[in-house]
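See below for the structure under consideration.
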Protein chains: 2
Amino acid sequence: MARTTGSDGEKTEAAVREAAASLIARYGYEAMSMRRLAAEVGVQAAALYRYFPTKEDLLFTLMREHMEGLTAAWETARPTTADPEARLAAYVRNHIAFHIERRHSTHASNMELRSLSHDRLTRILRMRTAYEKELRAILRDGAEAGVFSIEDTGLTAMALIQMMTGVIVWFRPGERLSVAEVTATYLSMTMRLVGAKIDGTEERHVHAHAQLRA
Amino acid sequence: MARTTGSDGEKTEAAVREAAASLIARYGYEAMSMRRLAAEVGVQAAALYRYFPTKEDLLFTLMREHMEGLTAAWETARPTTADPEARLAAYVRNHIAFHIERRHSTHASNMELRSLSHDRLTRILRMRTAYEKELRAILRDGAEAGVFSIEDTGLTAMALIQMMTGVIVWFRPGERLSVAEVTATYLSMTMRLVGAKIDGTEERHVHAHAQLRA
DNA sequence: GAATTAATTGAACGTTTGTTTTATTATGCA
DNA sequence: TGCATAATAAAACAAACGTTCAATTAATTC
């Protein structure tokens, strides 16, 4: 056999990306063999090499597109106002929404950095640093304006990002909490953490659903 | 050749554990081959099987001892007082100190759970849940006593743990901040996050060193 | 409808993997 | 001193790995 009926390069490539992200999230990059990935797509292993020259290329592509997507989402969501609180709220909302929606590629981007070559690792880290810099700027502006009370801007930014990204570890859509509820709670935790005078705005909507579990 | 001069089972086993934790933290469990681990210890691969029947046994041992150590450290550090704030402070201090001190095995315990068999995964998760339950109890007590203001106890506990454990991602001993400074800052962030009326206690000591970086 | 291009298969390559087996030597004890 | 055993080396195993190549067929183009 050779080319199969109905085969389409674009569809196959998309299926490969999706299956790869899912397998890497579930079992890890090293544990995902090209044969198993191919089986998931419904294709022979050799066919994968039409789309990605090496396994590492595939990983890098997933990571690069994840970071590009995250940056692009923030470019769109970023408010024009100078108000630090509104900007921080937008950052938190965008970060959580994006990571929940793409939790498979988030897993890859956060856990598999060590499998990249030096050059590619540097490129991904550069993108990540640029994204995190936006948060530090917001925190710094807020601290200087006196609306936040922050001891260490860099450290607070790291703490916030780890707290927010950690959502993907335990959050499963359709369980106890909705995305909106989780986001609202994280928003008010964030605001308290940075010492904002006014709490998160949607807090009232959530109170009815919260405190159900000990 | 066979047995080498000065060879000692206990020393070798300890060296294997340490080297394994370090290699897994740096390259991941799947990427660590038994031959490379053996080379790191200065021994042939076959010698490892005197101490650990399989590679997965080695991983499980590292994880189990990590969790046992964490639990034991908390048993010792846990204060007798009922005051939720003092208990939360002790929890934060213990968690951060332990994870910074053992950041190699922390990496293994957090990132390599998927490489465990079902049974062993369950055992590790049971230990972890028991440890996290302590934090939820503190938060609940504080919320009920009115000294904390918390929307969702379970969600706040997860957020705090991810924030604290995340320290190992960026913290390197001997760089900008000392362990004491990092702990103090995280303590006051924690207290603000849970809505404690009084801030963390050591805050004043740190102010001089903080805010050096944008 | 013939020629060309795109998509895929199936088999094979050399490496590396975790693990086992057998032989050999150092060490601790009688 | 001699004996038991603890600790290791060296070689080998089958299985799985990422990757390549030639052959083959579906889709597209002219």
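Letters go in sequence order (proteins before strands), and every chain restarts at 1. In this text the structure is predicted, and so the values were computed from the model without any measurement.
The stretch residues 107-117 of chain A does not touch DNA chain D, since none of its heavy atoms comes less than 4.0 Å from the strand.
Of all non-hydrogen atoms in A:V41 and A:V16, the two that sit nearest each other are CG2-CA, 3.9 Å. Across A:M34 and A:L48, no two heavy atoms sit closer than the pair O-CD1, 3.3 Å.
Relative to the ring axis of A:Y49, A:K55 does not place its NZ or CZ within 45° and under 6.0 Å from the centre.
Around CD of A:E101, the count of heavy atoms belonging to other residues, nucleotides or ligands within 6.0 Å does not exceed 12.
Atom CG of B:L37 and atom P of C:dT16 are 18 Å apart (whole Å). Atoms OH (B:Y51) and C1' (D:dT8) sit 8 Å apart, rounded to a whole Å. The distance between atom CZ of B:F52 and atom P of C:dT20, rounded to the nearest whole Å, is 16 Å. D:dA9 atom C1' lies 13 Å from atom CZ of B:R50, rounded to whole Å. Between the P atom of C:dT24 and the CD atom of B:Q44 lies a distance of 16 Å, rounded to the nearest Å.
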Atom pairs, protein N/O to nucleotides 16-19 of chain D N/O, distance under 3.5 Å:
| unit_1 | atom_1 | unit_2 | atom_2 | d |
| --- | --- | --- | --- | --- |
| D:dG18 | OP1 | A:M32 | O | 3.4 |
| D:dG18 | OP1 | A:K55 | NZ | 2.8 |
| D:dG18 | OP2 | A:M34 | N | 2.9 |
| D:dG18 | N7 | A:R35 | NH1 | 2.8 |
| D:dG18 | O6 | A:R35 | NH2 | 2.7 |
| D:dT19 | OP2 | A:Y49 | OH | 2.8 |
| D:dT19 | OP2 | A:K55 | N | 2.9 |
| D:dT19 | O5' | A:Y49 | OH | 3.4 |

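Without hydrogens or angle criteria, B:K133 side chain to B:R128 main chain gives no donor-acceptor distance under 3.5 Å. Not one N or O on the side chain of B:E175 forms a donor-acceptor pair closer than 3.5 Å with the backbone of B:R172.
Defined by atom type and a distance below 3.5 Å, a donor-acceptor pair is present between the side-chain atoms of B:R26 and B:S22.
Contact annotation: B:T12 side-chain N/O to D:dT8 OP1/OP2 distance is under 4.0 Å.
With salt bridges taken as basic N to acidic carboxylate O contacts below 4.0 Å, none links A:R87 and A:E134.
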